[in-house]
There are 2 protein chains.
Amino acid sequence: MSLAASRGRPESSGRPTLYKQIRLDIERRILTGEWPPGHRIPFEHEIMARYRCSRMTVNKALSELAQADLIERRRRAGTFVRRPQYLSAVLKTPDIRAEITTLGRAYGYELISRARRSANAGDRERLGVKGARKVIAITCRHNADGVPFALEDRLIDLEAVPGAASADFAADPPGSWLLHHVPWTEAEHAISAIVADKPTAGALDIATGAACLVIERHTWRKARPITAVRLIYPGESHRLVARFKGS
Amino acid sequence: MSLAASRGRPESSGRPTLYKQIRLDIERRILTGEWPPGHRIPFEHEIMARYRCSRMTVNKALSELAQADLIERRRRAGTFVRRPQYLSAVLKTPDIRAEITTLGRAYGYELISRARRSANAGDRERLGVKGARKVIAITCRHNADGVPFALEDRLIDLEAVPGAASADFAADPPGSWLLHHVPWTEAEHAISAIVADKPTAGALDIATGAACLVIERHTWRKARPITAVRLIYPGESHRLVARFKGS
DNA sequence: GGCGAGATTATGTATAGACATATGGCCCCG
DNA sequence: CGGGGCCATATGTCTATACATAATCTCGCC
């Protein structure tokens, strides 16, 4: 008997494998909101009829989506789109505004400085690049309910993001702007702790010598550095929380 | 023909399903460092002989591990344990010994105190339980190349892990012991920063008032608390690194 | 020795069928 | 109307087999 790859498929396009196609189709519908959280996905039975494939193939696609926590499967009841992904979104989200508003607190933003300059040695090292180029350097502060929440010190590589030159970051924080304008493919975070020096303490309204949590995030798009940011949080009042499932 | 569940299995215990058993066996060997990054996992062919099951069953286990980025599969070459999973290595691994040895440093361990007691109010709150019960409280230190790496302060719920009562944690750190004896299903981490007080600074061989990174981890097995641990790392010399792919 | 073609092999995808298991719903009984 | 038990059903696991694909290895040719 012929393989599915040689048969017609409802929404064919390139041609990954069949199960991957099914997986992507469903994924797309979930991510675009066409199938909102709680929505019941068609039964395996219906999907296999739709794609004219065996149940194992459908099952493989759905199992992967379940492992990725996009859907939830319940015997006898069916398969459902999962509620929002709680958790380590803190680390995955490059957007502090979203982080604060999901906590139900009022977001505030203050631009402290913004400069356009040729990258110096320190800038190049932070971005992990070698050649000469222009960068934008920004420092700003994020507040939650009027209280300092985090200090941000960011570099943007203008060679990778030319559009940033014409953006003033007076109203929107650079993280949000970048998120909307430049999709990233890879990000690396380093978390460490420091004690606040006098200027940092002043900006965060904490005592000099208090502990701070530092998150340094580097973001790339296809191996090309986009931005490097250093976020300083008051250490004892802020906690990064992440939840994992084991097996 | 009889199902695999009715056949003998090499390292049987409770009895998840066969593929899950295979997955857990491999996972354990990776997380404990028995199979270090780069190690070639037995071929599907060998695993199916070992568990006397069909290739599809082995394949399902390996596919899930691959999706979780714990292993990497290469046609014709075989299946390999992936290189340090930064985040996953640090946050997902409840085993500091494995973390240090993957860094290529010599692991050292010192038990500082071990006590068995009835849980007091603070213990119950840390574990997130209400009723009376016995717990084991442990403090110990992990070293890398002879230098203090982290301080550990741990509570183990004896109701969930009765076997811990008969384990002395003189040679093996409790994290490793638990990993070998109690599979977890969920874990939550909270990361914060503190300044070292005098005893902490002394134990970590750093200056009083230096910044420290604190990781508090709670682990459950099917909604039942197993252990709560607080790890203190020297803050400026230690960085938690996490890398994400964007899609 | 260097190189390309082909054989080999491990994984990747897919099939059809079988039985296991959990559970939402229904029906019946009190 | 409430509760208990049974049944239908959707997912969960597993088998045995087949062919696809990619990469390594080998061998023979120049």
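Each chain gets a letter, A, B and so on, in the order its sequence line appears, and its residues count up from 1.
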K.L.:
Using whole Å, report how far CD1 of Ile71(A) lies from P of dA10(D).
P.N.:
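Taking CD1 of Ile71(A) and P of dA10(D), I get 16 Å after rounding.
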K.L.:
Test of understanding: with side chain to side chain donor-acceptor pair (under 3.5 Å), list the residues that count as partners of Tyr109(B), not counting sequence neighbours.
P.N.:
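Partners of Tyr109(B) by the side chain to side chain donor-acceptor pair (under 3.5 Å) criterion come out as none, since no residue qualifies.
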K.L.:
Quick one: list whatever passes side-chain contact (heavy atoms from CB on, under 4.5 Å) with His180(B), sequence neighbours left out.
P.N.:
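His180(B) satisfies side-chain contact (heavy atoms from CB on, under 4.5 Å) with Arg28(B), Thr32(B) only.
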K.L.:
What is the distance, to the nearest angstrom, from the CZ atom on Arg75(A) to the P atom on dA22(C)?
P.N.:
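After rounding, the reported distance stands at 6 Å.
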K.L.:
Quick one: Leu18(A) CG to dT21(D) P, roughly how many Å, whole number?
P.N.:
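Atom CG in Leu18(A) sits about 14 Å away from atom P in dT21(D).
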K.L.:
Without decimals, in angstroms, what is the distance between Gln67(A) CD and dG12(D) P?
P.N.:
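The answer, rounded to whole Å, is 13 Å.
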K.L.:
Any donor and acceptor pair, going by atom type alone, linking the side chain of Gln67(A) with main-chain N or O of Glu64(B) inside 3.5 Å?
P.N.:
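It does hold such a pair.
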K.L.:
Select from Arg74(A) and Ala77(B) the residue whose nearest nucleotide in DNA chain C is closer to the 5' end of that strand.
P.N.:
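Result of the comparison: Ala77(B).
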K.L.:
Who passes side-chain contact (heavy atoms from CB on, under 4.5 Å) against Glu72(A), sequence neighbours left out?
P.N.:
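Only Arg74(A), Arg82(A) meet the side-chain contact (heavy atoms from CB on, under 4.5 Å) criterion with Glu72(A).
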K.L.:
OP1 or OP2 of dT17(D) sitting under 4.0 Å from any side-chain N/O of Ser54(B)?
P.N.:
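No, outside the criterion.
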K.L.:
Check whether the side chain of Arg76(B) and the base of dT21(D) form a donor-acceptor pair under 3.5 Å.
P.N.:
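Side chain to base: no pair present.
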K.L.:
Less than 4.0 angstrom from a charged side-chain N to a carboxylate O is my criterion; do Arg126(B) and Asp153(B) meet it?
P.N.:
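Looking at Asp153(B) together with Arg126(B), the answer is yes, because their closest N to O distance falls below 4.0 Å.
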K.L.:
Applying side chain to side chain donor-acceptor pair (under 3.5 Å), name anything that partners Ser118(B), two or more places apart in sequence or on another chain.
P.N.:
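Ser118(B) satisfies side chain to side chain donor-acceptor pair (under 3.5 Å) with Lys134(B) only.
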K.L.:
Nearest-Å distance, OH (Tyr51(B)) to P (dC14(D))?
P.N.:
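Whole-Å distance recorded here is 12 Å.
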K.L.:
Please give, in whole Å, the distance from dG24(C) C1' to Phe43(A) CZ?
P.N.:
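Taking CZ of Phe43(A) and C1' of dG24(C), I get 11 Å after rounding.
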K.L.:
Which residues in residues 55-63 of chain A have a heavy atom closer than 4.0 Å to any atom of DNA chain D?
P.N.:
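Of all residues in residues 55-63 of chain A, the ones placing a heavy atom under 4.0 Å from DNA chain D are Arg55(A), Met56(A), Asn59(A).
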K.L.:
At under 4.0 Å, does any side-chain N or O of Arg73(B) touch on OP1 or OP2 of dG12(C)?
P.N.:
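So the side-chain polar atoms of Arg73(B) do come within 4.0 Å of the phosphate oxygens OP1 or OP2 of dG12(C), strictly under.
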K.L.:
For His181(B), which residues count as a ring-ring contact (aromatic ring centres under 6.0 Å, His included) partner, sequence neighbours excluded?
P.N.:
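Result, ring-ring contact (aromatic ring centres under 6.0 Å, His included) vs His181(B): Trp177(B).
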K.L.:
Can you measure His45(B) atom NE2 to dG12(C) atom P for me and round it to whole angstrom units?
P.N.:
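That distance rounds to 17 Å.
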K.L.:
Whole Å only: how far is the CD atom of Glu44(A) from the P atom of dT11(D)?
P.N.:
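For the pair Glu44(A) CD and dT11(D) P, the rounded distance is 5 Å.
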